[in-house]
Amino acid sequence: MHRPAPKDDINEDDLKVGEPKHSAAGLKAVMVSMERGFSEAGPSRTLRSMLRINQRGGFDCPGCAWPESITGARKPAEFCENGAKAVAEEASARTVTPQWWEQHPISVLRDKTEYWLGSQGRITAPMIIRPGDTHYKPISWAEAFATIGEHVNASTPDKCVFYTSGRTANETAFMYQLLARSLGTNNLPDCSNMCHESSGSALNPTIGIGKGTVSLEDFDHAELIFVVGQNPGTNHPRMLSALADARKRGAKIVAVNPLPEAGFFGFKDPQTVGGMLGKSSEISSHFLQIKVGGDLALFQAFGHLLLAEEEKNPGTVVDQAFINEVTDGFAAYKSARAEIDWDATEEATGLTRTQITEVARLLIESKASIFCWALGLTQQPHSVPTLKEIINLLLLQGNFGKPGAGACPVRGHSNVQGDRTMGIWEKPTEQLLEALDAEFGIDSPRAHGYDSTEALDAFENNDVDVFVSMGGNFALANSETELLEAGMQRAKLTVHISTKPNRSHVVHGQTSLILPTLGRTDKDDKHPKGAQFLSVEDSMSVIHSTQGRLTPVSEHLLAEPVIVARMAQAILGDDHVIDWRAMADDYDVVRDHIARVLPGFEDFNRRVRERNGFVLPNAPRDSRSFATDIGKGRFTVSPFEALKPPAGHLILQTMRSHDQYNTTFYGLDDRYRGIKDGRRVILIHPDDLQEMGFADRDLVDVISTFGGTERRANRFRLVSYPTAKGCAAAYFPEANALVHRGLVARESNTPGFKAMSVRFVPHTQQPGATLDS
Ligand SMILES: Nc1nc2c(c(=O)[nH]1)N[C@H]1C(S)=C(S)[C@@H](COP(=O)(O)OP(=O)(O)OC[C@H]3O[C@@H](n4cnc5c(=O)[nH]c(N)nc54)[C@H](O)[C@@H]3O)O[C@H]1N2
Ligand SMILES: Nc1nc2c(c(=O)[nH]1)N[C@H]1C(S)=C(S)[C@@H](COP(=O)(O)OP(=O)(O)OC[C@H]3O[C@@H](n4cnc5c(=O)[nH]c(N)nc54)[C@H](O)[C@@H]3O)O[C@H]1N2
Ligand SMILES: [Mo]
């Protein structure tokens, strides 16, 4: 049963294309997850870990940030196919040993895809590569930390960058930001900058909190649920249970997406007998196949129609009492939405006035609505205004602080929200810095640091001496892959705290360290007081503990908090005012600090040990109040805006396949979309294919344009697909080379991963062509 790591890499010519599916999960999902588990980790590790996913006292699924019920019973298997794959990936019994590194020179590893690199297994020992070396070589932990200390101290704090990926647990994140600030920098870019930053940028000024305002129980009370710019069947499969239950109860569900994703149409719940036998529950009652970037126009049209109905039948649509009492700016919003240009709206959305009016009717009739969204709304130039328009609609009908209503940004990485709560932020509030300074006797820097886009610029300008990466794969996750990789290679030191090999390790700085760490599923018991646990925060602000039980693949792995503490000691010296050792020895000590520094964490150590953890305060949800600068919820007016590619171009969005976790690939089967064994594809509407003079499966080179400059990525295959007309789709990260770093969401600086203008030319072997497979 045990499957060796693949020797061969992806061969794009093996691409197979089948019919897209119309329902998600079912028996097939369970079979795939078991097969992957057994072949990666073996039956014993698989079964031991699967049964503990998301259970009380178990570990938090590293898959996504969708919450577990805190009131009701949990299903014996509170997991999904992709959660199981995430666990199998981490629990892998395959190992990447010093001998492995000896057999694989960097020159060879650079030609491998992320699929090949990631499937080699778990890294077992700390490794280093020095200037002029051809291979990574083993190094002791003590020497590794000393190397970090030397490099950081030979540099200046503003030339050191501390990146975080969203799997990092609360305690680790807190220590990590404390290390950066003790050193004297706020250079704390994180994956959130590339993910839901636009959500925070829209929510903070309008509702006074950068997080969602619903709890899982609200799905039991909503009359209407929007799922916008999100592919839950793949990226948040457990959300489908909540949606299916709501639908059964009679709630209406509207999916808004350029792609007809399988999870919108049917769901065979793998946790019920019926679902396993193939009985499918309906999910969405309505599907709006919108053009990429058309959502702002859609929400403005909804606003117009709601206000027009209120005009006709006063007191039936708008919650005037709520508006008067706790909001500001309604009059300006109302007058901005008085008129509508239907031609422009139809053009921007690709939807008809009739379709839009029909769905607006659902909103008019609903007394409790939830808007869920993910990356389809956060990675475009006008993402922030688009999301503010959702808030306008919610404020209009008083959809805050009542059962079944609110804003629900569905987060990505399993602790990305918690990392921000812990202070991983390049633009910290004065309140946080003051609290840190008071608790620790340090002098935190006030100047803002780099976000992920600014870090890319800093690499380009040779402003990065030391880059530390707490998880993640920055080189592949960000825009302009080539430029970033070249910049990373000029840094003096890169430090990768990782579980598995990835691209960033092989486009390393002049000196580079790989520090292997424990994952979520691993037992963390080498401490004076015995086994330790960590905590995370889910998408709905619930804090709970997480503890792995598997025996680590190597005795040389260190827990992340221990790595942070030892880096801090090496950088700041043993006599530093902060007792780093005490925190690494006993995570309760970290939690006691957090309890004194962060509001909402009072009595952290006791409450995190409660059965369901605890819920952080959330003013809109708890008390219908808004802690904005004006103390009220804020209506905003944004101009009409849509994406307009130049003539002969399409809009290109990038998305995840069903068989990947961001830059790591579990396999090569995007089952629901029917795309198998190849990833360099462009999904394109059949009419666009014909109009552009191409045929299905043609090999093309892709050229993106932005601000008068072009980026090129070669050898993609066009695949005729029922996407919205004018809008093509490619996989992340293969298409990242095409994303110009200037293409970002205004206000949040999130890369425009779903907003490129592209054209195609027949594939040719270009001199100097990039990323050719
Ligand atoms: N299995 C698995 N789970 C994951 C991840 C993973 O890679 N694998 N990643 C995790 C992370 S970090 C995140 S952030 C989340 C991501 O979760 P998602 O946001 O679901 O991820 P994407 O694959 O980027 O899908 C974006 C969806 O938005 C649609 N879309 C694109 N442009 C537009 C637009 O202009 N308007 C509208 N309305 N829709 C649009 C796309 O067609 C697609 O369905 O998932 C998390 N969970
Ligand atoms: N084109 C395009 N680009 C995108 C996106 C998109 O939609 N389109 N999405 C963006 C989004 S939403 C995100 S969140 C970013 C993701 O950016 P990142 O978070 O930087 O990338 P990941 O692929 O999630 O990181 C995977 C690596 O993390 C390491 N790892 C896994 N588990 C652990 C652990 O427990 N501890 C430690 N220390 N390391 C671990 C492994 O070595 C693995 O190689 O990408 C962004 N980039
Ligand atoms: Mo994300």
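As the structure lists them, so they are numbered: ligands from 1, and atoms in each ligand from 1.
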Among Glu261, His196, Arg673, whose heavy atom sits nearest atom 44 (O) of ligand 1?
Glu261
If I apply the N/O under 3.5 Å rule, does Pro501 come out as touching ligand 2?
no
Using distance alone, decide if ligand 1 has a nitrogen or oxygen within less than 3.5 Å of any nitrogen or oxygen in Gly293.
yes
Main chain of Leu456, side chain of Glu480: is a donor-acceptor contact present, judged purely on distance under 3.5 Å?
no
For ligand 2, is there an N or O atom under 3.5 Å from any N or O atom of Asn473?
yes
Any N or O of Glu90 that comes nearer than 3.5 Å to an N or O of ligand 2?
no
Can you find a pair of side-chain heavy atoms, one from Glu197 and one from Asn749, that are under 4.5 Å apart?
no
Below the 3.5 angstrom mark, is there an N/O of Lys754, backbone or side chain, next to an N/O of ligand 1?
yes
Could you say whether the N/O atoms of Glu560 and ligand 2 ever approach to under 3.5 Å?
yes
Shortest protein heavy-atom distance from atom 31 (C) of ligand 1, along with the residue and atom involved:
Gln653 OE1, 3.1 Å
Which segment of Arg656 sits under 4.0 Å of ligand 2 when only heavy atoms are counted:
side chain
What do you reckon, does Arg167 have a nitrogen or oxygen under 3.5 Å from a nitrogen or oxygen of ligand 2?
yes
Given Ser165, Ala729, Gly412, Pro260, identify the one with the heavy atom nearest to atom 13 (C) of ligand 1.
Gly412
Return the option from Asn736, Thr663, Asn502 holding the heavy atom at the smallest distance from atom 43 (C) of ligand 2.
Asn502
Is a donor on one side and an acceptor on the other found under 3.5 Å between the side chain of Ser33 and the backbone of Ala84?
no
N/O of Thr517 under 3.5 Å from N/O of ligand 2, yes or no?
no
Can we say Glu90 and Arg167 salt-bridge, meaning some charged N sits less than 4.0 Å from an Asp/Glu carboxylate O?
yes
Decide whether an N or O pair under 3.5 Å exists between Ala477 and ligand 2.
yes
Could you give me the CA-CA distance, side-chain angles and deciding distance for His413 and Tyr661, then say whether ring-ring contact (aromatic ring centres under 6.0 Å, His included) is met?
CA-CA 9 Å; His413 263 299; Tyr661 195 89; 5.3 Å; yes
Taking N or O atoms only and a 3.5 Å limit, does Ile290 qualify as a polar contact for ligand 1?
no
I'd like to check whether Met470 has a polar contact with ligand 2, where a contact means an N/O of the residue lying under 3.5 Å from an N/O of the ligand.
no
Are side-chain N/O atoms of Ser748 and Ser198 paired as donor and acceptor at under 3.5 Å?
yes
Please report whether ligand 2 has a polar contact with Thr499, defined as an N or O pair separated by less than 3.5 Å (distance criterion only).
yes
Centroid-centroid distance, His505 to Tyr136, less than 6.0 Å
no
Which bit of His413 gets closer than 4.0 Å to ligand 2, counting heavy atoms only: side chain, backbone, both or neither?
side chain
Counting heavy atoms under 4.0 Å, the part of Thr168 that contacts ligand 2 is neither
Angle class for the Phe665/Tyr115 ring planes (parallel below 30°, perpendicular above 60°, tilted otherwise)?
parallel
Which of the listed options, Asp295, Asn257, Thr349, holds the heavy atom that is closest to atom 38 (N) of ligand 1?
Asp295
Heavy-atom proximity to atom 3 (N) of ligand 1, picking from Ile651, Asn231, Asn235, points to Asn235
Donor-acceptor contact present, side-chain Thr654 to main-chain Phe753, <3.5 Å
yes
Decide whether an N or O pair under 3.5 Å exists between Cys64 and ligand 1.
no
Give me the atom names and distance for the closest heavy-atom approach of Asp419 to Asn170.
N-OD1, 4.4 Å
Is the Phe371 ring parallel, tilted or perpendicular to the Phe299 ring (thresholds 30°, 60°)?
perpendicular
For the pair Gln379 (side chain) and Ala745 (backbone), establish whether a donor and an acceptor sit closer than 3.5 Å, ignoring hydrogens and angles.
no
In Asn662, Asp670, Asn231, the residue satisfying side-chain hydrogen bond (donor to acceptor under 3.5 Å, both in side chains) with Arg656 is Asn662
